[in-house]
Undergrad: 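The following block contains the structure, expressed as structure tokens.
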Amino acid sequence: MTTATINHYDIDKAIGEIVEKYEAKPTALIMILQDIQKHYRYLPVDALKLVARKMNLPLAQIYGVATFYKSFSLKPKGKHHICVCTGTACHVRQAITVIDTFERELKIKIGETTADKEFSLETVNCLGACALGPLVTIDEVYYGNMTVTKTSKILDKIRTGSDGEYETEEETE
Amino acid sequence: MIPTKILSSKDLDSLRSHLLRQRQQNQTIISVCGGTGCLACGCEAVLGSLRTELKHSGLENKVEIKVTGCPGPCEWGPLMTIYPEKIFYIKVAPRDVPLIVDQTIKGGKVVKKLLYKDPITKQTAIHEDEVPFFKKQMRLLIGNNNRIDPTSIHDYMILGGYQSVAKALGTMSPEQIIDEVKRAGLRGRGGGGFPTGKKWATCRKAPGEPKYVICNADEGDPGAFMDRSLLEGNPHSVIEGMIIGAYAIGSPQGFVYVRNEYPLAAKNIAIAINAAKDYGLLGKNIMGTGFSFDIEVSRGGGAFVCGESTALMASLEGKTGEPRAKYIHTVESGLWEKPSNLNNVETWANVPIIIEKGAGWFSSIGTKGSKGTKVFALTGKVNNTGLVEVPMGITLREILYDIGGGVRGKRKFKAVQTGGPSGGTLIVETSEPKVHASLVAHGDIHEDEEIVSLLDLPVDFDELTKAGSMMGSGGMIVMDEDSCMVDIAKYFLNFLQEESCGKCLPCREGIRTMLGILTRISEGKGEMRDLPLLEELSQVIIDTSLCQLGGSAPNPVLSTIRYFRQEYLAHIRDKRCPAGICKALVSHAIDESCIGCHACVKPCPTGAVVGNVKELHYIVQDKCIQCGACYQICKYDSIKRVKRGDGDTLQARAKELWQPRAKTQAAAVA
Amino acid sequence: MSFEPKIIGFLCNWCSYTGADLAGTARMKYPPNVISIRVMCSGRVDPSFVLDAFSKGADGVLVCGCHPGDCHYVEGNYKCMRRIPLTLKILESFGIDKGRLRLEWVSASEGARFQEVIKEFTEQIRALGPLQLKEWTFEPPKESEHMIEMGRA
Amino acid sequence: MSMIKIKIDGHQVEAEEGSFVLEAARNLGIYIPTLCYYPYMTPYAACRICAVEAGDGKGWSKIVTSCNYPAWDGLEILTSTPRVMNARRVNLEMLLSRCAPVPVLQQLAEQFGIVKPRWGSGEDTCILCGLCVRVCDEVVGAHALAFGERGIYRNVVTPFGQQSDDCILCGACAKVCPTGHITMEEISNRELVHNEMTLGPNSAISLPFRQAVPNVPVINPEHCIHFNTGGCKVCSKVCPKDCINYDDTDTFEEIEIGAVIMATGFDNFDPTPMKQYGYSRYPNVITAEEFEVMNNAAGPTGGKILLENGEEPRAIAILHCIGSRDENYHKYCSRVCCMYAFKFSHLVKEKTSAEVYQLYIDIRSFGKGYEEFYQRILHEDVNVIRGKGAEIVPSGYARGSEGHLLVRCEDTLIGKWREIPVDMVILCTALEARKDAKETGRKFNISTGADGWFIEAHPKLAPVSTTTDGIYLAGACQGAKDIPDTVAQGGAAASHAMKLLCQGEILMDAACATVMEEYCSGCRICNDLCSYNAIEFLEDKKVSSINSAMCKACGTCVAACPSGAIVGKHFTDQQIFAQIEGMLS
């Protein structure tokens with residue numbers, strides 16, 4: 001569902017289904033917002049207003065939660081979502097150089113999205129695969145042992161659209 | 001008759017024996033690790049080619065493939081163990097699979113290439129327990145990971161799963177269970193080390209219905225993934241622990257709060273809960289004892305602060321994860337002001353073992369103060385990265401060198417950091433001359449006094465806290481001399497500034513101020529009065545912060561100043577970064593050991609590296625943006641990070657000393 | 001000269017009489033055929049007055065009262081509203097044309113309306129012509145079937 | 001709750017178990033600074049400035065925030081140890097480094113001797129104490145404000161930064177904000193909506209009007225938060241005498257009275273149906289009542305004469321006889337408009353430098369001193385035009401200079417058709433009877449005339465009494481009149497009523513009905529016939545009897561009695577038969 005084609009009819013139906021799935025329980029609020037985030041790749045304003053009405057919670061609480069947690073974003077994210085792990089293990093293995101390279105190549109800062117909405121760059125605190133630090137995930141695909149050179153290679157590969165399986169062998173085999 | 005609902009321990013045994021009969025004894029099983037770590041290494045591809053290979057050789061119904069959780073050594077992913085011979089293969093690539101199928105499966109021979117080879121003794125180990133990494137471990141919790149497919153409850157039952165529930169609910173009273181946990185000496189594995197038995201007892205006594213039982217699977221510490229592998233690999237052990245805990249406390253409703261960055265863990269725990277419900281082990285009238293208990297999975301939203309109990313409960317209530325003062329403990333008034341008992345994933349996983357093997361057996365493991373085993377996530381600059389489950393009392397040196405295989409590459413060990421950002425303290429080799437000088441300068445010890453090296457401290461809640469360090473949740477990040485302590489302190493503060501909820505002033509403003517000072521130091525603009533200022537700020541933040549995130553935020557700064565004072569002085573006085581990390585103080589230069597392999601020219605983004613093949617290369621200083629690409633690429637370690645501005649002097653000296661080397665000499669160095 | 005009917009008017013003191021007075025003070029012209037008798041309330045008008053008026057040679061009787069709800073004595077005009085239809089039935093049994101008796105509501109401020117009512121009623125009576133009362137002979141009422149059954153049941 | 005003993009700075013004091021240390025300290029008069037604490041809300045403990053040292057007297061001690069630390073037995077509190085003072089000073093310095101310009105922080109800084117924060121100073125004025133968010137959640141119950149983002153980006157904001165539709169403009173957040181970061185947008189400069197121009201209160205609790213009797217504030221349910229959302233109740237908390245009663249409602253009283261004076265007043269004619277004047281279409285066309293409210297010092301403009309956009313008018317037209325002396329509305333003349341129109345032009349001349357045009361048909365300056373006032377106004381160069389205002393048109397069509405209104409009329413004195421550009425038009429609307437005059441009249445048994453005014457017993461001889469004795473009329477409800485006449489009528493009605501009340505016995509008129517017992521058959525038809533229930537039934541004699549004091553002599557019972565047992569004195573049957581006979585003979 002590309003973000004551009006949100007029209008009111010199906011936003012109401014879509015939100016209704018998601019809220020129904022969790023029986024509008026307050027404990028499920030974060031999961032509801034996650035489903036919406038997955039569905040639209042961001043949280044549209046009127047979706048949040050609908051959620052507030054259907055769960056009869058104040059809009060202020062929904063807005064607070066939507067802006068508090070890092071996995072939600074009020075602005076549409078890029079088609080390819082790049083997550084650089086900045087956990088301690090990856091940091092110690094020079095994750096900073098990888099981040100600098102991404103920022104240089106895509107000419108955006110952490111947390112931003114490129115103008116053509118192709119790439120959005122974000123850091124995350126530990127994806128749980130510290131053995132492969134520094135680790136980057138692009139659209140749920142893991143790329144381990146990243147170095148400056150590999151970063152530009154992957155970006156070109158994704159730009160040209162050939163998502164071929166990427167060898168993650170240790171360079172120093 | 002195969003019972004579809006477990007109503008008593010008799011049903012459990014009959015189901016278990018039925019399952020055993022169903023599984024022929026010597027049927028070969030190939031178990032491939034499907035944890036997040038191996039997933040990242042591409043175990044999907046290995047499984048794919050394994051399935052196609054077996055179909056070609058017509059073995060797919062004779063050989064069973066089991067996708068299991070993470071057994072531990074993620075460094076060697078993708079892992080494969082072949083039963084019943086228990087052959088242990090590491091780093092299996094999709095192209096090795098045909099070799100394995102016809103040699104090991106058909107021929108019963110071992111593929112030597114894929115065995116573990118000890119880097120020092122060059123000895124190969126065929127079976128899992130021969131590998132030194134596993135030898136020193138006592139794997140009670142994650143030991144079964146490579147024998148259980150997390151999505152099937154039967155594997156867990158075959159290994160004696162849910163016996164403890166049958167025993168606890170069937171024969172023991174809630175008070176007996178609490179007493180058993182107390183006698184076992186189980187302490188919270190979340191980092192605080194609060195006696196679990198005492199916590200359950202207070203929660204049971206607290207007035208207010210209904211009581212809640214919560215499993216904290218938020219594991220926000222970067223560099224820690226023990227809870228992940230437990231939830232992904234063996235979710236039923238956690239569920240079993242929660243059922244027993246809920247029965248002991250008298251709670252009808254449980255929650256598992258899973259971290260947002262663990263999608264696989266959330267999926268597996270949800271499947272496990274439904275499977276348990278189908279068998280009547282969860283829901284109404286469990287095993288006919290009249291006790292009904294249900295578990296609900298709730299996902300986090302990406303906030304480290306939600307690891308703190310009151311923030312987690314606020315998040316569960318659908319609010320922003322803001323902690324509240326713990327003057328009234330959460331066991332008396334937690335979720336919706338009802339008594340709520342919150343424990344870490346690992347704590348819950350220990351409970352079935354205590355009930356099954358008894359408190360006496362459990363308290364025999366570990367030291368006087370801390371009982372049982374602890375799972376550590378050994379990561380960073382260590383050879384064998386992965387999960388390490390060791391009995392309490394083992395020394396850090398054994399973990400680091402015997403199990404971890406020592407520091408990675410030829411670098412020297414500098415420090416290991418335990419407890420993640422909310423622990424934040426360093427464990428160092430105090431016998432190190434620089435560290436010793438720093439301690440003396442810091443006024444902790446006299447000139448000639450020798451103190452026990454922290455590495456030799458036994459892993460124990462009380463010992464570590466006494467020595468000013470902390471057990472923490474289990475993250476253990478090894479750092480070598482390549483890590484700059486000022487940068488590490490800055491990293492932790494930056495992490496905490498991002499994750500602080502911003503409610504209370506000392507944490508929100510304090511971390512921002514201290515980070516500002518450290519950034520100035522790392523850019524060479526530090527002043528001498530910054531160190532006492534940092535210490536003053538730290539004291540106030542620790543005193544007045546509302547929750548432990550703020551309360552423990554200054555620890556990284558304090559312990560880096562305490563052990564590596566002269567590194568700070570190097571940054572402030574000499575404007576130099578010894579480890580070469582702080583970009584503003586470093587310039588890259590090539591010394592005479594360069595053999596002209598020309599590898600570093602192409603990756604340089606600004607074309608600062610100049611030189612032709614087989615000749616000495618050099619870096620144009622003003623073009624170089626210190627991105628580190630050449631430093632990572634160079635195999636001959638000839639790119640040096642020197643003090644900003646000294647690059648040209650080094651390269652000038654290199655020009656005289658350099659003479660062309662014969663080709664053979666270059667090959668020897670590789 | 002054409003027949004000049006004699007009409008008796010019973011005017012209630014608070015509304016119709018005051019209305020008539022207003023018509024007078026406003027110098028409104030209306031035929032003199034109606035001779036009005038003031039009663040305190042239209043509820044005072046007894047059917048026997050109407051019958052007596054007819055028996056004494058009146059050609060028409062006009063009863064005026066306050067608009068329902070406006071009555072100075074709250075419900076007087078409602079009582080009159082119930083009695084007049086009964087009186088009409090009695091007149092019928094005497095063979096007197098029902099048009100010769102009329103009930104009108106005239107409020108204190110409706111001088112013009114009073115004038116209208118008088119003109120119209122006078123014309124109506126003139127059209128009916130003088131009242132010739134026949135000698136009254138008594139005929140017993142026919143036994144209706146219903147009464148016969150009742151008797152027999 | 002059990003009482004326990006705690007020590008604060010050495011003073012032994014008794015406190016309720018679980019009560020907060022800050023309250024106990026304040027009761028003892030010990031000063032502890034606070035920023036995010038507010039008496040009626042649950043403590044939030046975000047600013048930590050109220051930190052104190054809590055110990056058990058046996059060596060264990062810890063820094064805690066006193067605003068939400070529950071007291072327990074044997075607790076010892078030290079409020080000014082060096083560790084505590086240092087903690088407060090550094091915290092304050094850190095907050096100052098972000099919010100330098102905040103006055104409340106600068107005062108605290110002087111106390112702690114901080115000249116300038118050591119890490120530079122930011123310009124933010126919000127200290128993130130969260131008082132506004134909490135007052136909106138807990139006290140008001142509107143949930144309009146929220147904390148956005150987290151960590152150092154945390155800010156107080158309405159959802160998506162838009163005007164929140166949950167906000168009920170109660171202003172509680174602006175009142176509670178310690179730094180003045182939240183200010184109520186200047187509501188009064190909302191444009192002048194004329195038809196809302198009332199003198200009535202719009203705040204939740206206020207005196208109905210300055211001279212109200214009793215002079216006691218009253219809660220207006222439509223503005224009060226408690227009646228809207230069930231929250232708040234701050235007034236009952238602050239009232240020292242605790243006299244706020246929320247479930248006090250109007251009650252119906254049955255009172256015995258001797259006389260009633262109807263003084264129900266009049267309504268103003270609504271000129272909207274007269275399309276040609278464009279009332280409620282052009283904002284600057286207002287009625288006389290609205291102009292009166294505008295002139296009132298307690299009114300929305302504080303007494304200043306302003307146009308819709310807040311500027312002063314340069315020319316004003318006053319149109320007489322709007323709705324009165326008009327065939328299709330009210331034929332009568334409302335008597336008062338001419339004189340108050342002159343009062344208006346005098347006020348306009350006094351308060352502004354505007355030109356005034358009065359369009360009249362005939363000047364009715366009938367009262368004492370009225371004509372002299374008229375002449376005086378003429379000398380204040382008010383343009384008086386004899387010709388009823390025909391139409392009001394925005395001048396945009398004709399002259400190109402928009403913003404004006406054109407008053408079109410025919411000046412009959414000079415026989416010319418005139419178009420006068422003005423900024424504001426005042427319509428002297430007619431006085432008309434109350435809309436519910438008919439029902440009220442019916443309740444009190446008095447009838448209303450064609451125009452809806454109550455009808456007096458006699459226009460000349462009894463202008464204040466009505467046909468029903470004991471009920472009198474005063475003021476405009478009997479007909480349009482100005483204040484002097486109303487006051488005179490009021491006095492007259494009052495004296496009539498007093499005469500009735502203090503007479504002792506009353507003069508009964510002769511006519512009434514009596515029952516002749518020998519004829520009464522006891523059929524009781526007449527009993528519930530009488531609307532004044534003057535007829536009761538004597539059980540012993542089994543006959544009805546009429547209480548002559550209550551009988552109004554309407555005669556209904558006389559006509560209804562089947563056996564003719566009731567005689568209506570002065571209207572007996574024989575008298576009426578005699579009249580009939582006399583008329584017809």
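Only this structure's heavy atoms are used, side chains among them; waters, hydrogens and symmetry mates stay out. What you see is a predicted model; the values in this text were computed from it and never measured.
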Undergrad: Considering only heavy atoms and a distance below 4.5 Å, find which of B:D480, B:N260, B:T36 pairs most often with chain A.
TA: B:N260
Undergrad: So which heavy atom on A:F68 is nearest to which on B:A303, and how close?
TA: CE2-CB, 3.9 Å
Undergrad: Counting only heavy atoms closer than 4.5 Å, note whether B:I633 contacts chain A via side chain, backbone, both or neither.
TA: side chain
Undergrad: Counting only non-hydrogen atoms closer than 4.5 Å, does B:F255 touch chain A with its backbone (N, CA, C, O), its side chain (CB onward), both, or neither?
TA: side chain
Undergrad: Please look at B:A266 and chain A and tell me whether the side chain, the backbone, both or neither of the residue comes under 4.5 angstrom of a heavy atom of that chain.
TA: neither
Undergrad: So which of A:L29, A:L33, A:T88, A:V92 has the biggest tally of heavy-atom pairs under 4.5 Å with chain B?
TA: A:T88
Undergrad: Closest heavy-atom contact between B:I477 and A:A89?
TA: CG1-N, 4.3 Å
Undergrad: Could you check which of B:P605, B:G628, B:S483 has the highest count of heavy-atom pairs closer than 4.5 Å to chain A?
TA: B:P605
Undergrad: Tell me, for B:S298 versus chain A, whether the close heavy atoms (under 4.5 Å) come from the side chain, the backbone, both or neither.
TA: both
Undergrad: In Å, rounded to the nearest 0.5 Å, how long is the span from CD1 of A:I96 to CD1 of B:I581?
TA: 9.5 Å
Undergrad: Does any backbone or side-chain atom of B:V305 lie under 4.5 Å from a heavy atom of chain A? Answer side chain, backbone, both or neither.
TA: side chain
Undergrad: Side chain from CB out, backbone as N, CA, C, O: work out which of these in B:E499 comes under 4.5 Å of a heavy atom of chain A, or both, or neither.
TA: side chain
Undergrad: To the closest 0.5 Å, what do you measure between CZ (B:F495) and NE2 (A:H91)?
TA: 12.5 Å
Undergrad: Which region of B:C501, side chain (C-beta onward) or backbone (N, CA, C, O), has a non-hydrogen atom less than 4.5 Å from a non-hydrogen atom of chain A, or is it both or neither?
TA: both
Undergrad: For A:Y69 and B:S315: C-alpha separation, side-chain torsions, deciding distance, then whether side chain to side chain donor-acceptor pair (under 3.5 Å) applies.
TA: CA-CA 10 Å; A:Y69 293 100; B:S315 178; 2.9 Å; yes
Undergrad: Could you tell me whether the side chain of A:Y142 reaches within less than 4.5 Å of the side chain of B:C41, counting heavy atoms only?
TA: no
Undergrad: Can you name the closest pair of heavy atoms from A:G87 and B:P222 and give their distance?
TA: CA-CB, 3.4 Å
Undergrad: Side chains of B:R259 and A:C126: does their closest heavy-atom pair fall under 4.5 Å?
TA: yes
Undergrad: Heavy-atom pairs under 4.5 Å with chain A: which of B:E44, B:E219, B:K319 has the most?
TA: B:K319
Undergrad: Just to verify, what does A:F119 make a ring-ring contact (aromatic ring centres under 6.0 Å, His included) with, not counting sequence neighbours?
TA: A:H80
Undergrad: Do A:Q61 and B:T320 come within less than 4.5 Å of each other through their side chains, counting heavy atoms only?
TA: no
Undergrad: Which answer fits A:N125, side chain, backbone, both or neither, if we ask what part of it has an atom under 4.5 Å from a heavy atom of chain B?
TA: both
Undergrad: Who among A:T86, A:T67, A:L57, A:I32 has the most heavy-atom pairs with chain B under 4.5 Å?
TA: A:T86
Undergrad: Is there a side-chain contact between B:I625 and A:R104 in this structure, where contact means two heavy atoms from C-beta onward sitting under 4.5 Å apart?
TA: yes
Undergrad: For A:Q34 and B:R299, indicate whether the former's side chain and the latter's backbone hold a donor-acceptor pair under 3.5 Å.
TA: no
Undergrad: Which pair of non-hydrogen atoms, one from A:L135 and one from B:A40, has the smallest distance, and what is that distance?
TA: CD1-CB, 4.5 Å
Undergrad: Please report the shortest heavy-atom distance between B:G301 and A:S71, naming the atom on each side.
TA: O-OG, 2.9 Å
Undergrad: Work out which heavy atom in B:E296 is nearest to a heavy atom in A:T27; give both atom names and the distance.
TA: OE2-OG1, 3.0 Å
Undergrad: Would you say that A:T149 contacts B:K602 through its side chain, given a criterion of any heavy-atom pair below 4.5 Å between the two side chains?
TA: no
Undergrad: Which answer fits B:S229, side chain, backbone, both or neither, if we ask what part of it has an atom under 4.5 Å from a heavy atom of chain A?
TA: neither
Undergrad: Highest number of heavy-atom pairs under 4.5 Å with chain A: which of B:R228, B:Q626, B:E261?
TA: B:R228
Undergrad: Do you know which of B:E317, B:E322, B:M479, B:K381 has the most heavy-atom pairs under 4.5 Å to chain A?
TA: B:K381
Undergrad: So do the side chains of A:K150 and B:Q632 get within less than 4.5 Å of each other, counting heavy atoms only?
TA: no
Undergrad: For chain A, which of B:L335, B:D221, B:T379 has the most heavy-atom pairs under 4.5 Å?
TA: B:T379
